[in-house]
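See below for the structure under consideration.
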There are 2 protein chains.
Amino acid sequence: MYGRHEHDSCISDAMVAADDICKARGLRFTELRRHVLELVWENHGAVKAYDLLEKLDKDYSAKPPTVYRALEFLQENGLVHKINSLNAYVGCSHPLKHTDCFFLICSNCNEVQECCGSDVAKAVRNMVAGQGFAHNQTTLEIEGVCQECQLEG
Amino acid sequence: MYGRHEHDSCISDAMVAADDICKARGLRFTELRRHVLELVWENHGAVKAYDLLEKLDKDYSAKPPTVYRALEFLQENGLVHKINSLNAYVGCSHPLKHTDCFFLICSNCNEVQECCGSDVAKAVRNMVAGQGFAHNQTTLEIEGVCQECQLEG
DNA sequence: TTCAAATTGTTATATTATTACAAAAACAAG
DNA sequence: CTTGTTTTTGTAATAATATAACAATTTGAA
Ligand SMILES: [Zn+2]
Ligand SMILES: [Zn+2]
Ligand SMILES: [Zn+2]
Ligand SMILES: [Zn+2]
């Protein structure tokens, strides 16, 4: 039901981490925001805003701004990332040590794996510095087929 | 008017290259497709599809599918790239040797520079291979401020 | 209690992109 | 050239993604 691993703990871990972060930063982790984050974490794939909206709509009578505002809050605080190549959103798997991350997107099972702190980031920094470019934000999204799917395939 | 360099040659170079590529591959480089590519190349920034549409509309009575189809053709044949983080399109600056490219996007002057064949690509390949991931497509878009803008700033 | 700030609700609209089907143009074969 | 097929373009409708503007509510602090 939840993919390849015991996924319940992913959600609960993420929620605990989010709680801690919000508490530490004096942010209001409201019911709505919590609920949206839970929905984002229902699986390890990226979720579309309007799918979140539909799910939310059962409890709340949500309209687009509701979900986009929650996503904005979650993104600003590093709890969620937007995958630009999919126009979709994914929970951050390590919000406390998120730096120079990138994403491996399996086009077979749709899981998104977040990777971090690697030589890739170093290479990007070097290359960019060599060009005299002052970089703020890196979007690195790699589409392909994950190992599990290759083995199954 | 055209940014920092003598830009006319960029357009004409790109059109010649496009001509050659289409001829070599037996593709139909129609008036419409040619026109769209010219419009994309009017500057070195990324262009929105609906801005192209407006410009096109003066001559043709273009509707969205017209421009999206032309962009699709141009993308398939490596003459144009989509910048996912901007939902916008940019002319390929080296369509014949385009491999493992990435983009430096200046948020001040909006120019997009396409870089290619670097250590970054190598690092990506290594990292991804280390994860057992079979990658097809890499989206690497780096937002920041270009050197010229830093000097002027 | 009162006030200001932050959050949420609501309506409308903007932006980006695709589907479906009809017309026209280009091409290949006879 | 004519015919039939494929590719391209036109057109209308609609889907998918996202934001603006303003009102109502909740929250937390003074
Ligand atoms: Zn992260
Ligand atoms: Zn997979
Ligand atoms: Zn290119
Ligand atoms: Zn610049």
Side-chain angles (χ1 to χ4, degrees), chain A residues 18-19 21-40 45-77 79-90 110 139 141, chain B residues 18-19 21-23 25-40 45-77 79-90 105 110 139 141:
Chain A
D19 255 330
I21 285 170
C22 290
K23 203 161 290 172
R25 297 183 192 164
L27 303 167
R28 287 200 221 157
F29 196 37
T30 62
E31 262 307 295
L32 177 65
R33 290 164 174 174
R34 167 182 299 278
H35 196 141
V36 170
L37 185 56
E38 280 168 355
L39 292 174
V40 168
V47 200
K48 299 268 177 179
Y50 275 74
D51 290 344
L52 290 172
L53 187 55
E54 259 187 72
K55 290 178 185 174
L56 256 189
D57 201 41
K58 290 169 190 156
D59 312 279
Y60 304 78
S61 71
K63 274 98 196 167
T66 301
V67 70
Y68 280 105
R69 281 193 288 228
L71 285 171
E72 188 185 32
F73 171 88
L74 295 169
Q75 284 178 265
E76 279 170 353
N77 295 293
L79 301 170
V80 153
H81 301 295
K82 178 170 185 181
I83 306 296
N84 285 310
S85 56
L86 300 175
N87 292 327
Y89 304 83
V90 68
N110 296 118
T139 296
E141 298 165 4
Chain B
D19 254 330
I21 285 170
C22 290
K23 203 161 291 174
R25 297 183 192 164
L27 302 167
R28 287 199 220 158
F29 195 37
T30 63
E31 261 308 294
L32 176 64
R33 289 164 175 176
R34 166 182 298 278
H35 197 141
V36 169
L37 184 57
E38 280 168 356
L39 292 175
V40 168
V47 200
K48 299 267 177 180
Y50 275 73
D51 291 343
L52 291 172
L53 187 55
E54 259 187 72
K55 290 177 184 174
L56 256 188
D57 201 40
K58 290 168 189 158
D59 312 279
Y60 305 77
S61 71
K63 274 97 194 164
T66 302
V67 70
Y68 281 105
R69 281 192 289 226
L71 286 171
E72 188 184 32
F73 171 88
L74 296 168
Q75 285 177 265
E76 279 171 353
N77 294 293
L79 302 170
V80 153
H81 301 296
K82 178 170 186 183
I83 306 295
N84 286 310
S85 56
L86 300 175
N87 291 326
Y89 304 83
V90 68
I105 304 164
N110 296 119
T139 296
E141 299 165 4

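Convention: sequence-line order gives letters A, B, ...; per-chain numbering from 1. Keep in mind that what you see is a predicted model, and the values were worked out from it rather than measured.
A 6.0 Å sphere centred on CD of Glu31(A) holds no more than 12 heavy atoms belonging to other residues, nucleotides or ligands.
Across Glu141(B) and Asn84(B), no two heavy atoms sit closer than the pair OE2-N, 2.7 Å. The two residues Val90(B) and Gly45(B) make their nearest non-hydrogen contact at CG2-O, 4.0 Å. The minimum heavy-atom distance linking Ile83(A) with Ala46(A) is given by the pair CG1-CB, 4.2 Å. Residues Arg25(B) and Asn77(B) come closest through the heavy atom pair NH1-O, 3.4 Å.
Put simply, NZ on Lys48(B) is 11 Å from P on dA18(D), counting in whole angstrom units. Remark: C1' of dA15(D) and CG of Asp51(A) are 13 Å apart, rounded to the nearest angstrom. The nearest whole Å value for the distance from the CG atom in Leu53(B) to the P atom in dT18(C) is 14 Å. Protein atom CD of Glu72(B) is 18 Å distant from nucleotide atom P of dT16(C), rounded to whole Å. At whole-Å resolution of the value, CG in Leu71(A) and C1' in dT19(D) are 14 Å apart. As rounded to whole Å, 16 Å separates atom P of dT27(D) from atom CG of Leu27(A). Distance, Leu52(B) CG to dA17(C) P: 11 Å, rounded to whole Å. Distance Phe73(A) CZ to dT8(C) C1': 14 Å, rounded to the nearest Å.
When each of dA18(D), dT11(C), dG10(D) is scored by its nearest atom to the side-chain atoms of Leu32(B), the top-ranked nucleotide is dG10(D). With dG10(D), dT16(C), dC27(C) as the candidates, the nucleotide lying closest to the side chain of Arg28(B) is dC27(C). Closest to the side chain of Thr66(A), out of dT10(C), dA17(C), dG10(D), is dT10(C). Checking dT16(C), dA20(D), dT9(D) against the side-chain heavy atoms of Tyr68(B) singles out dT16(C) as nearest.
Between Tyr50(B) and Tyr68(B), the ring-plane angle classifies as perpendicular under the 30° and 60° cut-offs.
Proximity of Thr30(B) to the phosphate of dT9(D): a side-chain N or O atom is located under 4.0 Å from OP1 or OP2. Phosphate contact (OP1/OP2 of dT11(D), side-chain N/O of Lys63(B), threshold under 4.0 Å): present.
Judged by closest nucleotide on DNA chain D, Arg69(B) is the one of Arg69(B) and Pro64(B) placed further toward the 5' end.
A donor N or O paired with an acceptor N or O is found under 3.5 Å between the base of dA18(D) and the side-chain atoms of Tyr50(A).
Near DNA chain D, defined here as any heavy-atom distance below 4.0 Å, the residues from residues 79-89 of chain A are Lys82(A), Asn87(A), Tyr89(A), listed numerically.
Tyr89(B) contributes atom OH, which lies 14.5 Å from atom CG of Leu37(B) (distance to the nearest 0.5 angstrom).
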